[in-house]
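Heavy-atom basis, side chains included; hydrogens, waters and symmetry copies ignored. It should be emphasised that the depicted structure is a prediction, and the values quoted were computed from it without experimental measurement. Ligands are counted one by one from 1 in listed order, and the atoms in each one are counted from 1 as well.
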Amino acid sequence: MRLRHKPWAKEKIEQHPQYIVSNPEQYKGKWNEVFQNDQPLHIEVGTGKGRFITEMAKANPHINYMGIELYDSVIVAALDRLIEADLPNLRLLNVNAADLGKYFEKNDVARVYLNFSDPWPKIRHEKRRLTYKDFLTLYQNIMVDKGEIHFKTDNQGLFEYSLKSFSEYGLLLTFISLDLHNSDFEPNIMTEYEQKFSEMGNRIYRCEVKYQN
Ligand SMILES: C[S@@+](CC[C@H](N)C(=O)[O-])C[C@H]1O[C@@H](n2cnc3c(N)ncnc32)[C@H](O)[C@@H]1O
């Protein structure tokens with residue numbers, strides 16, 4: 001993603017602690033206090049400008065959602081969406097996914113969405129891929145037993161790598177589409193990248209995998 005420096009982003013984030021949680025460490029193991037209910041929590045890691053997670057939260061009020069994004073200059077676009085939609089079941093976190101274990105503990109999360117994650121094609125950058133085995137351990141450590149990962153991408157190389165990584169980790173493949181937009185899968189909520197890449201004619205891959213414990 002091309003990043004534009006936005007010097008005002010930090011201040012804007014600090015002005016909206018009701019939407020972008022400012023002290024997430026304090027809610028580890030008790031996110032129900034933030035949402036004020038015991039609904040399951042689904043997180044999108046690398047949420048970008050937040051279209052997917054906002055539309056999911058609108059469509060599924062019985063689920064809590066959290067969009068996690070590393071860059072403040074990107075998450076402010078998701079913040080604008082959330083200010084506009086004002087959804088009680090959606091929050092944002094401006095943190096690095098590598099630190100998820102600081103903010104969540106076992107059983108906090110029921111599902112992880114990975115949408116159009118950065119492919120990091122060079123082999124020396126494998127550890128940065130969000131489907132690398134260390135990330136799969138990280139997700140398992142914060143999820144309920146039999147938690148799920150739902151993954152979409154237009155990048156064939158990353159998709160094949162991820163299927164292999166999931167399989168080697170012992171995750172169970174429960175859904176796969178090698179051409180999502182020409183399948184009968186629905187409802188498909190599109191992400192910003194999905195719209196852009198499918199308009200360019202790229203094929204969209206999608207899978208769902210489940211931890212066995
Ligand atoms: C290619 S974009 C896709 C954005 C969105 N999911 C979509 O499909 O439109 C990947 C996003 O993941 C974020 N990201 C990458 N690594 C991350 C990490 N370790 N922690 C949090 N966010 C990360 C990037 O900053 C970027 O916004």
Novice: Is a salt bridge present between Arg111 and Glu148, judged by a nitrogen-to-oxygen distance below 4.0 Å?
Specialist: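 Answer for the salt bridge query: yes.
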Novice: Test of understanding: with salt bridge (charged side-chain N to carboxylate O under 4.0 Å, His left out), list the residues that count as partners of Asp38, not counting sequence neighbours.
Specialist: none
Novice: Taking only Lys NZ, Arg NE, NH1 and NH2, and the carboxylate oxygens of Asp or Glu, determine whether Glu160 and Lys164 approach each other closer than 4.0 Å.
Specialist: no
Novice: Regarding atom 10 (C) of ligand 1: of the candidates Thr47, Asp118, Leu100, Asn115, which has the closest heavy atom?
Specialist: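 Comparing heavy atoms across Thr47, Asp118, Leu100, Asn115, the nearest one to atom 10 (C) of ligand 1 lies in Asp118.
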Novice: Taking both backbone and side-chain atoms of Ala98, is any N or O found less than 3.5 Å from an N or O belonging to ligand 1?
Specialist: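 No; every N/O pair is 3.5 Å or more apart.
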Novice: N/O of Val74 under 3.5 Å from N/O of ligand 1, yes or no?
Specialist: no
Novice: Do any nitrogen or oxygen atoms of Asn96 come within less than 3.5 Å of a nitrogen or oxygen of ligand 1?
Specialist: yes
Novice: Classify the contact between Val45 and ligand 1 as side chain, backbone, both or neither, using a heavy-atom distance cut-off of under 4.0 Å.
Specialist: neither
Novice: Could you note down all residue pairs passing ring pair (Phe, Tyr, Trp, His ring centres under 6.0 Å) where residues 80-101 supplies at least one of them, sequence neighbours left out?
Specialist: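 Qualifying pairs, neighbours excluded: none.
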Novice: In terms of atom number and element, which parts of ligand 1 are under 4.0 angstrom from non-hydrogen atoms of Glu192?
Specialist: 9 (O)
Novice: Under a 3.5 Å threshold, yes or no: a donor from one side chain and an acceptor from the other, between Asp108 and Tyr103?
Specialist: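 No.
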Novice: Quick one: does any side-chain atom of Asn94 pair with a main-chain N or O of Glu69 as donor and acceptor, under 3.5 Å?
Specialist: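 Yes, because the side chain of Asn94 sits within donor-acceptor range (under 3.5 Å) of the backbone of Glu69.
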Novice: Counting from 1, what ligand 1 atoms have a heavy atom of Leu70 closer than 4.0 Å?
Specialist: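 In order of number, 20 (N), 21 (C), 22 (N), 23 (C).
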Novice: Heavy-atom contacts with Thr191 under 4.0 Å: which atoms of ligand 1 show up? List them by number with element.
Specialist: 7 (C), 8 (O), 9 (O)
Novice: Main chain of Ser117, side chain of Lys152: is a donor-acceptor contact present, judged purely on distance under 3.5 Å?
Specialist: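 It does not hold such a pair.
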Novice: Checking side-chain contact (heavy atoms from CB on, under 4.5 Å) for the pair His181/Met190: CA distance, chi angles, key distance, verdict?
Specialist: CA-CA 10 Å; His181 291 188; Met190 285 224 262; 3.6 Å; yes
Novice: Under 4.0 angstrom from ligand 1, any heavy atom of Glu44?
Specialist: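 Within the 4.0 Å threshold, so yes.
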Novice: Do Arg129's NZ or CZ and the ring of Phe135 fall within the cation-pi criteria of under 6.0 Å and 45°?
Specialist: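 Cation-pi check for Arg129 and Phe135: fails.
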Novice: Could you list which atoms of ligand 1 come closer than 4.0 Å to a heavy atom of Ala97?
Specialist: 18 (C), 19 (N), 20 (N), 21 (C)
Novice: Heavy-atom contacts with Tyr71 under 4.0 Å: which atoms of ligand 1 show up? List them by number with element.
Specialist: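 Going through ligand 1 atom by atom, the ones under 4.0 Å from Tyr71 are 25 (O).
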Novice: Any heavy atom of Glu69 sitting closer than 4.0 Å to ligand 1?
Specialist: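 Yes, that is the case, since the closest heavy atom of the residue is under 4.0 Å from the ligand.
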Novice: For Phe116, counting its heavy atoms only, list the atoms of ligand 1 lying under 4.0 Å from any of them.
Specialist: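 The atoms of ligand 1 under 4.0 Å from a heavy atom of Phe116 are 1 (C), 2 (S), 3 (C), 8 (O), 10 (C).
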Novice: Are Glu84 and Arg81 within salt-bridge range, i.e. N to O under 4.0 Å?
Specialist: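 The answer is no: the pair does not qualify as a salt bridge.
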Novice: With a heavy-atom distance limit of 4.0 Å, tell me whether Tyr193 approaches ligand 1 through its side chain, its backbone, both, or neither.
Specialist: both
Novice: Is it true that Val95 lies under 4.0 Å from ligand 1, counting heavy atoms only?
Specialist: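 Yes, Val95 has a heavy atom closer than 4.0 Å to ligand 1.
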